[in-house]
Each structure stands twice: as C-alpha cells, then as structure tokens.
Amino acid sequence: MATGFDVNRSKVSDDALAEFLSKPVEEDITTVPGIGPKAAEILAKNCENDPGIETTFQLIGKFLSLKGKGMGSKEHCDAMWFYLQAKGVNSFRAGIVHSIAERTNIMMPGIYESNED
C-alpha cells in the first residue's frame, strides 16, 4: 500500500491535467481531475474538527493551509495525500494532489517543485 504522495501513481491523464491547468479555476469541485461525484460527496461531509470541502477554491485553500513552515513540496503533498486519505477519498488521491499542486503553482510560483517528488 502506498504511503504518501507519489506523482507516478497519478491516474490523471496528461490531457486532463493540461485542460485543468489551462482554464480558469471553477467553483465546481468535480472539475479537479480525479474528483468525481463520489469523492465530491465524501469531501463535502463535515467531520469532527474539519468542515466539508464543497468547492475547488476550498480544496486549494486546504492545500495551502497544510503548507507548514520550512516544508518542502514532498512533505506538503504528503500532507494533502494523507488528508484526503483521512477524509475517505480512496481513489485518485495522487492525481488530485498533483492537479491541485500544479494549479496552485501557477498562481503562486515556487509552492510546488515537481522535481522534489
């Protein structure tokens, strides 16, 4: 079983990722490669100390909130991968993390360095 983020385990096609990165961010969370209706439903659920995530903007916000002081890209992506795992997202975690990391890096260059993976 995988333990953390590995970009090579992403099942998101290059074309799907390129399309996501080329368009403006949309509110609909299912526009994120790897998030279908089931994952969207799982993410929307409120948990004990974790409010649901219903939009792409909130998912990006969660990704950013997990970036700790001095944390490199690998540790940051691992944190997001484990967050998705804890929420119950069992499919396409690597693809979701990769898509959000790449998208966020366009908005904030340097936040994700793919060569660290």
Side-chain angles (χ1 to χ4, degrees):
M1 177 173 209
T3 55
F5 175 70
D6 179 354
V7 71
N8 297 312
R9 293 183 58 88
S10 174
K11 295 178 184 173
V12 172
S13 72
D14 290 341
D15 289 343
L17 179 61
E19 183 177 346
F20 175 66
L21 298 177
S22 71
K23 294 181 177 179
V25 176
E26 295 181 34
E27 182 177 287
D28 180 0
I29 199 165
T30 63
T31 62
V32 176
I35 298 184
K38 183 172 173 122
E41 182 181 325
I42 291 167
L43 288 168
K45 289 182 183 173
N46 290 317
C47 296
E48 216 169 276
N49 290 316
D50 187 42
I53 294 175
E54 299 177 315
T55 71
T56 305
F57 305 111
Q58 290 172 321
L59 189 62
I60 290 170
K62 186 61 176 183
F63 179 73
L64 293 173
S65 76
L66 293 171
K67 176 82 169 160
K69 185 176 181 179
M71 186 180 271
S73 293
K74 174 66 173 137
E75 294 85 8
H76 186 195
C77 289
D78 279 348
M80 185 67 174
W81 191 92
F82 285 115
Y83 169 77
L84 292 172
Q85 182 182 51
K87 284 288 278 190
V89 175
N90 295 319
S91 299
F92 295 97
R93 277 191 303 264
I96 295 166
V97 173
H98 185 222
S99 297
I100 291 297
E102 290 283 4
R103 182 53 163 158
T104 305
N105 196 55
I106 290 170
M107 299 172 354
M108 306 169 114
I111 197 162
Y112 173 64
E113 300 292 332
S114 60
N115 61 350
E116 271 190 51
D117 297 332

Between Asp50 and Lys62, is any pair of side-chain heavy atoms under 4.5 Å apart?
yes

Where Ile60 and Arg103 come nearest, the two heavy atoms and their spacing:
CD1-CG, 4.5 Å

Verify same cluster id: Met80, Met71 (apolar side-chain graph, 4.5 Å):
no

How long is the straight-line distance from NZ of Lys74 back to CH2 of Trp81, given to the nearest 0.5 Å?
9.0 Å

If the test is side-chain contact (heavy atoms from CB on, under 4.5 Å), which one of Val89, Val32, Ile96 qualifies with Leu43?
Val89

Could you tell me the separation between the CG atom of Leu59 and the OG1 atom of Thr31, rounded to the nearest 0.5 Å?
9.5 Å

Sub-3.5 Å donor-acceptor pair from the side chain of Glu75 to the main-chain atoms of Gly72, do we have one?
yes

Check: Tyr112 main-chain N/O paired with Asn105 side-chain donor or acceptor under 3.5 Å:
yes

Where Ala101 and Cys77 come nearest, the two heavy atoms and their spacing:
CB-SG, 4.1 Å

Does a side chain donor of either Ser13 or Asp15 reach within less than 3.5 Å of an acceptor in the other side chain?
no

Scanning both residues in full, the closest heavy-atom pair of Asn46 with Gly52 reads OD1-N, 2.7 Å

So, does Lys87 use its side chain to make a donor-acceptor pair with the main chain of Lys45 at under 3.5 Å?
yes

Straight-line distance of Phe20 CZ to Glu26 CD, nearest 0.5 Å:
9.0 Å

Any donor-acceptor pair under 3.5 Å from Thr30 side chain to Pro37 backbone
no

Nearest heavy-atom neighbours spanning Ile111 and Ser73
O-OG, 3.7 Å

How many angstroms lie between CZ in Phe63 and OG1 in Thr104, if you round to the nearest 0.5 Å?
5.0 Å

Quick one: does any side-chain atom of Ser10 pair with a main-chain N or O of Val7 as donor and acceptor, under 3.5 Å?
no

Rounded distance [0.5 Å steps], CD1 in Ile35 versus CD1 in Ile53:
8.5 Å

Quick check for you: to the nearest 0.5 Å, what is the distance between Arg93 atom CZ and Tyr83 atom OH?
13.0 Å

For Phe57 and Glu27, the nearest pair of non-hydrogen atoms, with its separation, is CE1-CA, 3.5 Å

Taking the six-membered ring for Trp and the full ring for Phe, Tyr or His, determine whether the centres of Phe5 and His76 are under 6.0 Å apart.
no

Looking only at heavy atoms, the pair that brings Gly34 and Val12 closest together is N-CG2, 4.1 Å

